[in-house]
Amino acid sequence: AHSYTKYNTWDTVQSWIASISSSNPNLISKQVIGSTYEGRPMTVLKLGKKSSSTKPAIFMDCGIHAREWISPAFCQWFVKEALSTYGSDSQMTSLLNQMDVFVLPVFNIDGYDYTHKSNRMWRKTRSRKSGSSCIGADPNRNWNAGWCTTGASSNPCSDTFCGYSPESEIEVKNVADFIRRNKSVLKAYLTIHSYSQLLLFPYSYTFELAAHHSELLKVAEGASAALRSLYGTSYTSGPGAATIYPAAGGSDDWAYDLGVKYSYTFELRDTGRYGFLLPESQIKPTCEETMLAVKYIAAYVQKNL
Ligand code: 0X9
Ligand code: ZN
Ligand code: ZN
């Protein structure tokens, strides 16, 4: 059965997607944006009060990397909190009245399923190509942003394999198409990973600073302070290349270069004690503190529409 304080399997997340959207039709709708390599449906949830005019929006994805289980847990938590605090929390109410939030609960579904069934430490997609016996590409090295120029491998057996071409991974193509289609309304792109407790923004494919570097840093520092206020969890903010490592082909850099200014990668808890194997007892505190950071960014974006 589904639980917000457990790591749910894909089958459980899939039934949760169906039930949560049908039980809250006034605030949530769903749309399938394509299928994964193995044929699973990629469903984006749209949160927001219905409006006659087009609303500006935020896009958030979780689970680009299969083994980062706290990430899909956060997207599920976010959807629950949005629905349960709309009407009582003034910020959430105002956010969903004025904007839509698109949530992709699990990006790399095939990989996520594989981590539950076969290999807990799998990171990549599960695509195959004749000529190599190695499976999958890194869905955060496969975007058309300095593709495969640094911090990525052209070896199909590597965990950071950039793929055979930009958007060769169908999951990346599906999300990139969705973002391109909705480009005019999208004001922010948030992508949730683990671990290291970082709040990163462009660029990772170059050490050059983004055109909006100071503003992106200021917002990241505000969001980190909000996050820390709950349990004292400390985050470091900065551009990806200098803060974690140079790595091209990431979704954050791609979305930013497309024109989505507020583009952030979260690396959630912890700093390495448990790493990807974060205990379920930490799901609730991690999600509660991360809500504060996401809401901080959303409030800033909303104020600056
Ligand atoms: O390497 C990554 O893709 C991310 N770290 S993780 O440990 N979750 O794999 C960091 C991504 C930072 N952004 C880019 N490299 N574009
Ligand atoms: Zn990751
Ligand atoms: Zn709560």
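Numbers here simply count residues along the sequence, with the first being 1.
Salt bridge status for Asp138 with Lys124: absent, with no side-chain N to carboxylate O gap under 4.0 Å. At a threshold of 4.0 Å, the pair Glu289-Arg269 counts as salt-bridged, since one of the basic side-chain nitrogens sits closer than that to a carboxylate oxygen. Ion pairing of Asp89 with Lys295 is present here, as a side-chain N (NZ or NE/NH1/NH2) and a carboxylate O approach within less than 4.0 Å. Electrostatic pairing of Asp177 and Arg180 counts as a salt bridge here, judged by a charged N lying under 4.0 Å from a carboxylate O. One finds a salt bridge joining Lys261 and Glu215 here, because a Lys/Arg side-chain nitrogen approaches an Asp/Glu carboxylate oxygen to under 4.0 Å.
Checked by atom type, the side-chain pair Glu267/His193 shows no donor-acceptor distance below 3.5 Å. Side-chain atoms of Tyr203 and Asp252 form no donor-acceptor pair, as typed in the model, at a separation below 3.5 Å. A donor-acceptor pair shorter than 3.5 Å can be found between the side chains of Gln76 and Asn8. Judged by distance alone, the side chains of Thr160 and Ser153 never bring a donor and an acceptor atom under 3.5 Å apart. Remark: the Ser234 side chain and the Gln197 side chain contain no N/O donor-acceptor pair separated by less than 3.5 Å.
Ring-plane geometry between Tyr4 and His2 is classed as perpendicular, the angle between the planes exceeding 60 degrees on a 0 to 90 degree scale with a lower cut at 30. Ring geometry for His116 against Tyr112 counts as perpendicular: the plane angle is over 60°, on a 0 to 90° scale with 30° as the lower cut. The aromatic rings of Trp122 and Tyr114 stand perpendicular to each other, their planes meeting at an angle above 60°, with 30° marking the opposite boundary.
Of all heavy-atom pairs between Asn142 and Glu169, the closest is OD1-N, 3.0 Å. Across every non-hydrogen atom of Pro156 and Ser132, the tightest pair is CB-OG, 3.6 Å. Closest heavy-atom contact between Val32 and Pro41: CG1-CB, 4.2 Å. Minimum heavy-atom separation, Gly240 to Ser204: CA-OG, 3.2 Å. When all heavy atoms of Ile170 and Thr36 are compared, the pair lying nearest together is CG2-C, 3.7 Å. Minimum heavy-atom separation, Ala248 to Gly146: CB-O, 2.9 Å.
In this structure, the side chains of Phe178 and Met42 stay at 4.5 Å or more apart for every pair of heavy atoms. Side-chain contact check for Val103 versus Val44: every heavy-atom pair is 4.5 Å or farther apart. Residues Cys62 and Phe107 fail the side-chain proximity criterion, which asks for heavy atoms closer than 4.5 Å. When side chains are defined from C-beta on, Leu227 does not count as touching Tyr296, because their heavy atoms never get closer than 4.5 Å. Taking 4.5 Å as the limit, every side-chain heavy atom of Lys49 sits out of range of all side-chain heavy atoms of Asn26. Two residues are said to be in side-chain contact when any heavy atoms from C-beta on lie closer than 4.5 Å; Tyr189 and Met60 fail this criterion. Looking at heavy atoms from C-beta onward, Val106 lies in side-chain contact with Trp10 at the 4.5 angstrom threshold. Within the 4.5 Å cutoff, the side chain of Val294 has heavy atoms near those of the Leu190 side chain.
Put simply, the side chain of Lys50 gets close to the backbone of Pro25: a donor and an acceptor are under 3.5 Å apart. Remark: the backbone N or O of Leu96 is paired with a side-chain donor or acceptor of Lys55 at under 3.5 angstrom. Side-chain N or O atoms of Glu171 include one that pairs as donor or acceptor with a backbone N or O of Tyr37 at under 3.5 Å. Of the possible donor and acceptor atoms, one in the side chain of Arg67 sits under 3.5 Å from a partner among the backbone N and O of Met121. Of the possible donor and acceptor atoms, none in the side chain of Thr233 sits under 3.5 Å from a partner among the backbone N and O of Arg228. In this structure, Tyr300 contributes its side chain and Gly222 its backbone to no donor-acceptor pair below 3.5 Å. With hydrogens and angles ignored, the 3.5 Å screen pairs no side-chain donor or acceptor of Asn119 with any backbone N or O of Thr115. Under the 3.5 Å distance criterion, the side-chain polar atoms of Gln302 are matched with a main-chain donor or acceptor of Ser94.
Note: Phe201 and His213 meet the aromatic proximity criterion, with ring centroids under 6.0 Å apart. Separation of the Tyr195 and Phe276 ring centroids falls under the 6.0 Å cut-off. Between His212 and Tyr256, the ring centre distance stays below 6.0 Å.
Both Trp254 and Tyr264 are part of a single hydrophobic cluster, where members link through side-chain heavy atoms under 4.5 Å apart. In the hydrophobic clustering of ILVMFWY residues, with side-chain heavy atoms under 4.5 Å counting as a link, Leu198 and Ile64 come out apart.
Rounding to the nearest 0.5 Å places OG of Ser165 at 6.0 Å from CH2 of Trp147. Here Arg40 contributes atom CZ and Asp11 contributes atom CG; the two are 7.5 Å apart, rounded to the nearest 0.5 Å. Note that the CG atom of Asn24 and the NZ atom of Lys80 stand 13.0 Å from one another [nearest 0.5 Å]. For the atom pair CG of Asp113 and CG of Asn108, the computed distance is 10.5 Å after rounding to the nearest 0.5 Å. One finds the SG atom of Cys134 at 6.5 Å from the CG atom of Asn155 (value rounded to the nearest 0.5 Å). Note that CD of Gln31 is 7.5 Å distant from NZ of Lys46, once rounded to the nearest 0.5 Å.
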inquiry  = Determine whether Thr9 and Thr12 satisfy the following criterion, side-chain hydrogen bond (donor to acceptor under 3.5 Å, both in side chains), listing intermediate values before the conclusion.
reply    = CA-CA 5 Å; Thr9 63; Thr12 301; 3.0 Å; yes

Query raised in the report: Do Ser194 and Ser71 pass the side-chain hydrogen bond (donor to acceptor under 3.5 Å, both in side chains) test, and can you show the C-alpha distance, the side-chain angles, and the key distance before you say yes or no?
Result: CA-CA 7 Å; Ser194 75; Ser71 167; over 6 Å; no

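For the side-chain hydrogen bond (donor to acceptor under 3.5 Å, both in side chains) criterion with Tyr205, the lone passing option out of Asp253, Thr149, Asp257, Thr150 is Asp257.
A cation-pi arrangement is present between Lys129 and Tyr164, with the terminal nitrogen or guanidinium carbon under 6.0 Å from the aromatic centre and inside a 45° cone about the axis.
No more than 12 heavy-atom neighbours from other residues, nucleotides or ligands sit within 6.0 angstrom of CZ on Arg128. Heavy atoms from other residues, nucleotides or ligands lying under 6.0 Å from CD of Glu280 number more than 12.
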